[in-house]
Number of protein chains: 2
Amino acid sequence: MKRAKQKIFQDYIARQGLKSTRQRDIILDAFLSSDRHLSIEELYLKLRAKHPNIGYATVYRTLKLFAESGIAREIHFGDGQTRYEHVSEGEHHDHLVCTGCGTIIEFENESIEKLQDEVAVAHGFLIKHHKLELYGLCAKCRP
Amino acid sequence: MKRAKQKIFQDYIARQGLKSTRQRDIILDAFLSSDRHLSIEELYLKLRAKHPNIGYATVYRTLKLFAESGIAREIHFGDGQTRYEHVSEGEHHDHLVCTGCGTIIEFENESIEKLQDEVAVAHGFLIKHHKLELYGLCAKCRP
DNA sequence: TTGTTATTGATATTCACTTTCATCACAGCC
DNA sequence: GGCTGTGATGAAAGTGAATATCAATAACAA
């Protein structure tokens, strides 16, 4: 899994005529072995502990590269920060976001997707992607 | 409809011990008689034509008040701008966003909502609100 | 009318990126 | 191994939208 994504990224780098660098390796490793919904800031701070010489801009640029290469995806939960989540081949999921503790749970629901397609067709739309987020309190936070 | 919302807002203002001002009346009027998905900037520019003395900050603060009073709701489509849409009593809708021309179409789908509730229950979540956006090309923009 | 308090609008500040640019480090070629 | 030509890096400056500040002003109650 982790190895597969490393390969996808290395291939992407090579295909684009870009270079493999120490920083990119470190950031990729940190990203792949982390929680699935990190903001740039969070990943930067996490890296800083072990690699104080890696700059914010590099983390920022590298996460963008991950997204371009297909191993990550940008997500926005409306808190003003861009987050990156792991992407697995052919997989799509939506989110349950706890407004109490910030926990994010992923889910997939085939029936919802199908209904979305119907809505799109009814309006003559050609869907590229979608975003479904349910906000509320998780089992631990609810009263 | 428009009158009802004006009343809701006036009541909210009164209840909070706030004041009724010329600017708020003007902004409320412009908001209610506008397109349903305006950004602060857009509403500000629209107002500027007739009322060049109204400041950006006032529009910003007033829109926030609208949201607090319940007649408007903030929405984010990931383009970096906060938009405000009209809210009607007990109504909820989702969006089809055309990435070609920016057109936004609203839709409601009872079945999807029901499935969302099921997902939430399955994860022990207590849903407060949700967000469903379908991005793609509208009938006019699709190839 | 007056006093109190909220509001306004110009401006400054914050925040989260995003770009710039001089320096550095890969990768290919002797 | 040493050169060399790019792309990469990191510190710092720049952006754009949102938010805060504050002196001047306008509502409203008495």
Side-chain angles (χ1 to χ4, degrees), chain A residues 9-31 37-69 72-84 102, chain B residues 9-31 37-69 72-84 102:
Chain A
F9 182 63
Q10 305 302 354
D11 288 354
Y12 177 77
I13 287 293
R15 202 170 343 115
Q16 302 291 313
L18 305 177
K19 288 171 181 170
S20 163
T21 69
R22 219 174 60 79
Q23 287 89 334
R24 285 179 181 163
D25 289 347
I26 293 169
I27 297 171
L28 178 57
D29 192 65
F31 175 69
H37 305 87
L38 286 178
S39 65
I40 304 171
E41 179 85 13
E42 285 165 347
L43 186 53
Y44 170 63
L45 290 177
K46 182 177 167 174
L47 280 164
R48 233 160 163 273
K50 282 210 163 184
H51 308 276
N53 50 326
I54 290 185
Y56 179 96
T58 301
V59 177
Y60 159 77
R61 284 182 291 229
T62 305
L63 281 172
K64 274 228 171 319
L65 272 186
F66 291 170
E68 283 167 28
S69 76
R73 182 190 295 128
E74 287 191 4
I75 45 176
H76 299 271
F77 287 133
D79 62 349
Q81 290 211 203
T82 301
R83 287 159 194 287
Y84 286 83
Chain B
F9 183 62
Q10 305 303 352
D11 288 354
Y12 178 78
I13 287 293
R15 200 169 345 112
Q16 302 290 314
L18 305 176
K19 290 169 181 170
S20 164
T21 70
R22 219 173 61 77
Q23 286 89 335
R24 284 179 181 162
D25 289 348
I26 293 169
I27 298 171
L28 178 56
D29 192 64
F31 176 68
H37 306 88
L38 286 177
S39 65
I40 303 172
E41 180 83 12
E42 284 165 347
L43 186 52
Y44 170 64
L45 291 177
K46 182 176 166 175
L47 280 164
R48 233 159 163 276
K50 282 210 165 187
H51 308 276
N53 49 326
I54 289 184
Y56 179 95
T58 301
V59 177
Y60 159 76
R61 285 181 294 228
T62 305
L63 282 172
K64 273 229 169 321
L65 273 186
F66 292 170
E68 283 167 29
S69 76
R73 184 190 293 128
E74 285 190 5
I75 44 176
H76 300 270
F77 288 132
D79 62 350
Q81 289 211 204
T82 301
R83 287 159 196 287
Y84 285 84

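We name chains A, B, ... by the order of the sequence lines, and we start the count at 1 in each one.
- The heavy-atom pair separating A:Leu47 from A:Ala30 by the smallest distance is CD2-CB, 3.6 Å.
- When all heavy atoms of A:Ile27 and A:Val59 are compared, the pair lying nearest together is CD1-CA, 3.9 Å.
- Using a 4.0 Å heavy-atom criterion, one finds that B:Ser39 contacts no nucleic acid atom at all.
- Between A:Gly55 and A:Tyr44, the shortest heavy-atom distance links the atoms C-CE1, 3.7 Å.
- The footprint of chain A on DNA chain D, defined by a heavy-atom cutoff below 4.0 Å, extends from D:dG5 to D:dA11.
- Mapping B:Glu41 and A:Gly17 onto DNA chain D by nearest heavy atom places A:Gly17 at the nucleotide closer to the 5' end.
- Residue B:Phe9 comes nearest to B:Leu65 through the heavy atom pair CE1-CB, 4.0 Å, listed as atom of the first residue, atom of the second, then distance.
- Residues A:Ser20 and B:Arg83 each lie close to DNA chain D; by heavy-atom proximity, the contact nearer the 5' end of the strand is made by A:Ser20.
- A pairwise comparison of heavy atoms in A:His37 and A:Glu42 identifies O-OE1, 3.8 Å as the closest pair.
- Crowding of B:Arg73 atom CZ: a count of heavy atoms from other residues, nucleotides or ligands under 6.0 Å exceeding 12.
- The closest side-chain heavy-atom distance from A:Gln10 to A:Asp25 is below 4.5 Å.
- Nucleic acid contact for A:Gln81: sugar-phosphate only, since backbone atoms but no base atoms lie under 4.0 Å from a heavy atom of the residue.
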Problem set entry | Residues A:Arg24, A:Leu18; criterion side-chain contact (heavy atoms from CB on, under 4.5 Å); working and verdict | CA-CA 11 Å; A:Arg24 285 179 181 163; A:Leu18 305 177; 4.0 Å; yes
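- Summary of the strand contacts: B:Tyr44 and B:Lys19 both lie near DNA chain C, and taking for each the nucleotide with the nearest heavy atom, the more 5' one is attributed to B:Lys19.
- Residues B:Gln23 and B:His51 form no side-chain contact, since every pair of their non-hydrogen atoms from C-beta on lies 4.5 Å or further apart.
- Annotation: proximity of residues 47-61 of chain B to DNA chain C (heavy atom, distance under 4.0 Å) is found for B:Asn53, B:Ile54, B:Gly55, B:Ala57, B:Thr58, B:Arg61, numbered in ascending order.
- Taking 4.5 Å as the limit, some side-chain heavy atom of B:Thr82 sits within range of a side-chain heavy atom of B:His76.
- The ring of B:Phe31 has its center closer than 6.0 angstrom to the ring center of B:Phe66.
- A nucleotide of DNA chain C counts as in contact with chain B when one of its atoms lies under 4.0 Å from a heavy atom; the first and last such, 5' to 3', are C:dT5 to C:dA10.
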